[in-house]
Amino acid sequence: MNKFNISALLTKVKPNEKEEQLIIHEINLLKDNEILQTEFFEYCNKNKLAPWIYLQLKSKNLFDFFSNKVKSDFIEVYDKVKNQNDARNKEATIFLSEFKKQGIEVAILKGNLFIHTVFNDSGYKRMNDFDILIKKEDWQKAQEIYFKLGYTPLGFGWGGEKQKPAKYSHVGMSFISKNFTCIIGTQWGLKSPTAKFKVDIDKAWKTATDFDFNGITVKKLSPEYNLLHLILHIGIYKIGTRDCMDIYNLWDTENIDTEKLYLILEKSKAIEKAYFTFVLCNICSNSFSPEFIHKLVPVKIGFISKRLIKRLDILAKTGDLHTSYNDYFQDIEKNVIYMGIFQLFHQKLHFYLKILGQIYFPKSEIMLKLLDKTEFSGFWDKFISRFKTPKLVFALIAQEIGPMFTFLLFIKLFVDTTISLKNYIFKQESYFEYLKKRGINPKDIEQVVKNVQ
């Protein structure tokens, strides 16, 4: 049994008849073998597929093929995710109602939308936050609503994340609800304007349609713009079945206008990223026609195309898309967030050095994933890889925020660390002091950041 192949097939909302028969055949192989069943559950759970796989097994009347112990494991994971998502959505209705009163247009993004439109179950996968799109001019009004509701900002924010939006920013600082059930990610663009991608956000709003979210009329982007958003945010390394299933199931359940989509991708300078995404998604689902994918073949081989070649190479060797899977960008991003939270030099220096270590001295396990390898061929190969990986890490960050802004960011981190020496003399309120003043335990906020996956 190939756990990757069968779990990928099980994630499809609309498998064809041949795929349905293959699913039944493969699950039959697990019957009466609790060891294999446990291995299958652990694989699904490790790759964050267990909640949706559970729902699919139940809907196909295959769940009773599993032992009581394994069934209990699936149910426990699903219930936990569903309860978290339901609590988040319940909280979301509160601030969305306030937005409605203030005349702020909101579009629900990604998984919190697909709960209602694609997968039809709030427990289909775990989510970190509740992402919404608003208009840039409404960001200050949105912040006022968050503060009025007693929500807490996650940090003091950088320029463009608070107060008036800056030209180089597309997202505001995150806020968390009083009961810690909902982190709100508020954005006025679909990708950082400093990245190479150029999204026509006005067209995205013009083609959006009404959508009912728990009794509140909000907006949803067109299927084509939702696809563009998913493509722009798919990871170069963080791309596994769980990340792909939103894309191919959206494709399979919505009436996608491929000509319109191609023009949007072309105008957004996202052809190469779309090719990368659809090729890897097709390994899970085979949803995209060869003709459409061929149309997306990039003229020039860039960083993304080179990573695709490497990823396909290791996939051929291991038979699993998850071999190189990692979210190293987020690991670095968390330390950047911590740098913004702490005020004193020795505190900032600690995280600054951690960031430098992540770039120049990644652990061997991360190096292998970044290089799309399963092992080093010897000491010399490992030694040479030490010089290759920093370039890959910088390129990974540049994919998210652009090469120039990556360079400027690291200059800013160094400068911020250096000038924080003044805070020993000229004391200013730290983020943790701010939290205590509001009666919030800083450890609760720290835990929220740690739990982000």
Side-chain angles (χ1 to χ4, degrees), residues 87-110 112-113 127-193 199 201-202 204-206 208 210-221 229 333 336-337 340-341 343 428-442 444-446 448-449 452:
R88 184 185 303 107
N89 287 341
K90 183 179 178 182
E91 188 66 35
T93 59
I94 297 173
F95 66 79
L96 289 175
S97 295
E98 292 297 319
F99 278 29
K100 189 80 174 175
K101 291 175 188 175
Q102 294 295 323
I104 299 175
E105 271 197 304
V106 181
I108 310 298
L109 300 173
K110 297 194 288 190
N112 293 295
L113 171 68
M127 299 174 210
N128 289 320
D129 49 16
F130 194 95
D131 286 329
I132 59 173
L133 182 73
I134 64 171
K135 293 179 179 176
K136 185 186 285 190
E137 59 267 25
D138 289 327
W139 171 228
Q140 288 179 286
K141 282 201 298 183
Q143 291 177 85
E144 290 170 9
I145 289 171
Y146 294 147
F147 282 119
K148 175 187 169 185
L149 293 172
Y151 293 178
T152 305
L154 289 180
F156 285 150
W158 294 41
E161 294 180 325
K162 58 183 178 180
Q163 299 171 357
K164 292 183 179 180
K167 290 182 180 179
Y168 57 79
S169 176
H170 78 296
V171 62
M173 59 184 174
S174 296
F175 279 78
I176 184 166
S177 60
K178 287 192 294 185
N179 56 13
F180 299 103
T181 61
C182 184
I183 303 174
I184 307 111
T186 315
Q187 54 194 79
W188 46 87
L190 298 184
K191 191 70 175 177
S192 172
V199 179
I201 197 64
D202 291 332
W205 276 112
K206 285 176 184 175
D210 286 344
F211 164 65
D212 183 276
F213 180 86
N214 293 350
I216 303 169
T217 302
V218 291
K219 293 287 185 181
K220 64 175 180 177
L221 300 181
H229 189 212
E333 187 181 33
V336 173
I337 291 171
I341 288 175
Q343 300 295 324
Q428 63 182 61
E429 184 181 48
S430 72
Y431 180 64
F432 292 109
E433 288 169 338
Y434 164 77
L435 292 176
K436 288 175 182 176
K437 190 168 71 176
R438 290 190 52 181
I440 299 167
N441 186 347
D444 291 335
I445 300 295
E446 283 188 79
V448 167
V449 176
V452 172

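Annotation: salt bridge (charged side-chain N to carboxylate O under 4.0 Å, His left out) contacts of Glu333 (sequence neighbours excluded): none. Under the side chain to side chain contact (heavy atoms under 4.5 Å, CB included) criterion, Asp210 pairs with Thr217, Lys219, sequence neighbours left out. Not a single side-chain hydrogen bond (donor to acceptor under 3.5 Å, both in side chains) links Ser174 to another residue, sequence neighbours left out. Scored by the side chain to side chain contact (heavy atoms under 4.5 Å, CB included) test, Lys436 finds Pro442 as partners (sequence neighbours excluded). Judged as a side-chain hydrogen bond (donor to acceptor under 3.5 Å, both in side chains), and not counting sequence neighbours, the contacts of Glu105 are Lys135. For Asp129, the salt bridge (charged side-chain N to carboxylate O under 4.0 Å, His left out) criterion is met by no residue, not counting sequence neighbours. Shown here are the salt bridge (charged side-chain N to carboxylate O under 4.0 Å, His left out) partners of Lys220, two or more places apart in sequence or in another chain: there are none. In this view, Ser97 and Ile216 satisfy the side chain to side chain contact (heavy atoms under 4.5 Å, CB included) rule, not counting sequence neighbours. For the salt bridge (charged side-chain N to carboxylate O under 4.0 Å, His left out) test, residues two or more places apart in sequence or in another chain that qualify with Glu98 are Lys101, Lys148. Phe147 is linked by a ring pair (Phe, Tyr, Trp, His ring centres under 6.0 Å) to Phe175, counting only residues two or more places apart in sequence or in another chain. Looking at residues two or more places apart in sequence or on another chain, you find no side chain to side chain contact (heavy atoms under 4.5 Å, CB included) involving Glu144.
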From CA spacing to verdict: side-chain contact (heavy atoms from CB on, under 4.5 Å), Ile176, Leu154: CA-CA 7 Å; Ile176 184 166; Leu154 289 180; 4.0 Å; yes
side-chain contact (heavy atoms from CB on, under 4.5 Å), that's the test. Do Glu433 and Gln343 meet it? Break it down for me. CA-CA 11 Å; Glu433 288 169 338; Gln343 300 295 324; over 6 Å; no
Is there a side-chain contact (heavy atoms from CB on, under 4.5 Å) between Thr186 and Val171 once you walk through the steps? CA-CA 6 Å; Thr186 315; Val171 62; over 6 Å; no
Could you walk me through whether Phe211 and Leu113 pass the side-chain contact (heavy atoms from CB on, under 4.5 Å) check? CA-CA 9 Å; Phe211 164 65; Leu113 171 68; 3.7 Å; yes
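Side-chain contact between Ile201 and Leu133 is present, with at least one heavy-atom pair separated by less than 4.5 Å. Contact annotation: the side chain of Ile145 approaches that of Ile104 to within less than 4.5 Å [non-hydrogen atoms, C-beta and beyond]. Proximity of Leu435 to Asn441: side-chain heavy atoms (C-beta onward) are nowhere separated by under 4.5 Å. Annotation: side chain of Ile94 is in contact with side chain of Leu149 (closest heavy-atom distance under 4.5 Å). The shortest distance between side-chain heavy atoms of Asp212 and Val218 does not fall below 4.5 Å. Considering only heavy atoms from C-beta on, Glu91 comes within 4.5 Å of Asn179 through its side chain. When side chains are defined from C-beta on, Leu190 counts as touching Leu221, because their heavy atoms get closer than 4.5 Å. Under the 4.5 Å side-chain criterion, counting only non-hydrogen atoms from C-beta, Thr152 is in contact with Ile440.
Arg88 places no side-chain N or O within 3.5 Å of a backbone atom of Ile184 that could act as its donor or acceptor partner.
Note: Tyr151 and Phe180 fail the aromatic proximity criterion, with ring centroids not under 6.0 Å apart.
Listed by first then second residue, pairs satisfying salt bridge (Lys or Arg N to Asp or Glu O under 4.0 Å) with a partner in residues 176-191 read Lys191-Glu400, not counting sequence neighbours.
Using bins of under 30°, 30° to 60° and over 60° for the plane-to-plane angle, the ring pair Tyr146/Phe99 lands in the tilted bin.
Heavy-atom minimum distance, Trp139 versus Gly172: CZ2-CA, 3.5 Å. Across all their heavy atoms, Arg438 and Pro153 have their closest contact at NH1-CD, 3.8 Å. The minimum heavy-atom distance linking Ala87 with Thr181 is given by the pair O-OG1, 3.8 Å. In plain terms, the two heavy atoms of Ser169 and Trp188 that are nearest each other are O-NE1, 3.0 Å. Smallest separation of non-hydrogen atoms from Trp205 and Ala107: CH2-N, 3.9 Å.
Atom NZ of Lys141 is separated from atom CD of Gln102 by 6.0 Å, given to the nearest 0.5 angstrom. In this structure, CD1 in Ile108 is found 5.0 Å from CG in Leu96, a value given to the nearest 0.5 Å.
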